[in-house]
Q: 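Take a look at this one; I'll ask things after.
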Amino acid sequence: MAATPAIEGWFKTGPDPALVGSQCTTCGNVAFPPTGPQGFCRNPACDGESFEDVRLSRHGTVWSYTDAQYQPPPPYVAADPFEPFALAAVELPEGLVVLGQVAEGYGVQHLHVGAEVELVVEDLDPGHSIWRWKPVVELGEEADQ
């Protein structure tokens, strides 16, 4: 049984996973997370209210990163016991910066500003999946996992 995305409509799973953004049909502005049906264009110079879904790039570069050594407050649901994880703010070619957890097995020691990462989908729990950012390892390099 395939896991359901933890946030429906924000990303696609399968062999070619991707984040899903919204593109304003008036000005072409791309936004993430996607704009809902009652939304408005996030470009302050546009009054558009019509959007199309657009698949965002799977690859980007690390803009910033940090680690979560302490359990976030509710409504965050943590594993018991809590396990620290890394977060990366990733700049996509579309000009957006998207925050997400770093793939399982990777931490801040595997990241640096400007490093290439790719979007992967991993299980959050037995019934749900989430997107994460996985460092891209160049041919000949080894990732310490």
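Remember, it's a predicted structure, so these values are computed and weren't measured experimentally.
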Q: Hey, are E94 and S57 close enough side-chain-wise for a donor-acceptor pair under 3.5 Å?
A: yes

Q: Would you call C41 and T26 a side-chain contact if the rule is heavy atoms closer than 4.5 Å?
A: no

Q: Going by heavy atoms in the side chains, are V108 and T66 under 4.5 Å from each other?
A: no

Q: Go through it in stages, so that I can follow the logic: the residues are L96 and L56, the test is side-chain contact (heavy atoms from CB on, under 4.5 Å), and I'd like the CA-CA distance, side-chain angles, deciding distance and then a yes or no.
A: CA-CA 9 Å; L96 302 172; L56 301 177; 4.0 Å; yes

Q: Would W10 end up clustered with V121 when hydrophobic side chains under 4.5 Å apart are linked, directly or stepwise?
A: yes

Q: Can you measure from NE2 (H110) to OH (Y65) and round to the nearest 0.5 angstrom?
A: 12.0 Å

Q: When you look at CZ of F40, are more than 12 heavy atoms from neighbouring residues, nucleotides or ligands closer to it than 6.0 Å?
A: no

Q: Verify the neighbour count for atom CG of D47: are there more than 12 heavy atoms of other residues, nucleotides or ligands below 6.0 Å?
A: no

Q: Does some side-chain heavy atom of K134 sit less than 4.5 Å from a side-chain heavy atom of V102?
A: no

Q: Is the count of non-hydrogen atoms from other residues, nucleotides or ligands lying under 6.0 Å from Q69 atom CD greater than 12?
A: yes

Q: Any side-chain heavy atom of L99 sitting closer than 4.5 Å to one from L87?
A: yes

Q: Within a strict 4.5 Å, meaning less than it, do heavy atoms of the Q23 and N29 side chains meet?
A: no

Q: Does the ring center of W133 lie less than 6.0 Å from the ring center of F85?
A: no

Q: Could you check whether any side-chain N or O of R58 sits under 3.5 Å from a backbone N or O of A18, counting only pairs where one atom can act as donor and the other as acceptor?
A: no

Q: Hey, mind stepping through T35 and R42 against side-chain contact (heavy atoms from CB on, under 4.5 Å) and telling me if it holds?
A: CA-CA 9 Å; T35 304; R42 295 180 201 157; 3.5 Å; yes

Q: Within the structure provided, determine whether C24 and S50 are in side-chain contact (heavy-atom separation under 4.5 Å).
A: no

Q: If only atom types and distance count, is the side chain of E52 paired as donor or acceptor with the main-chain N or O of T25 below 3.5 Å?
A: no

Q: With heavy-atom distances below 4.5 Å as the criterion, would you say the side chains of V117 and T61 are in contact?
A: no

Q: Mind telling me whether W131 and F11 have parallel, tilted or perpendicular rings, with 30° and 60° as the class edges?
A: perpendicular

Q: Any side-chain heavy atom of R55 within less than 4.5 Å of one from D16?
A: yes

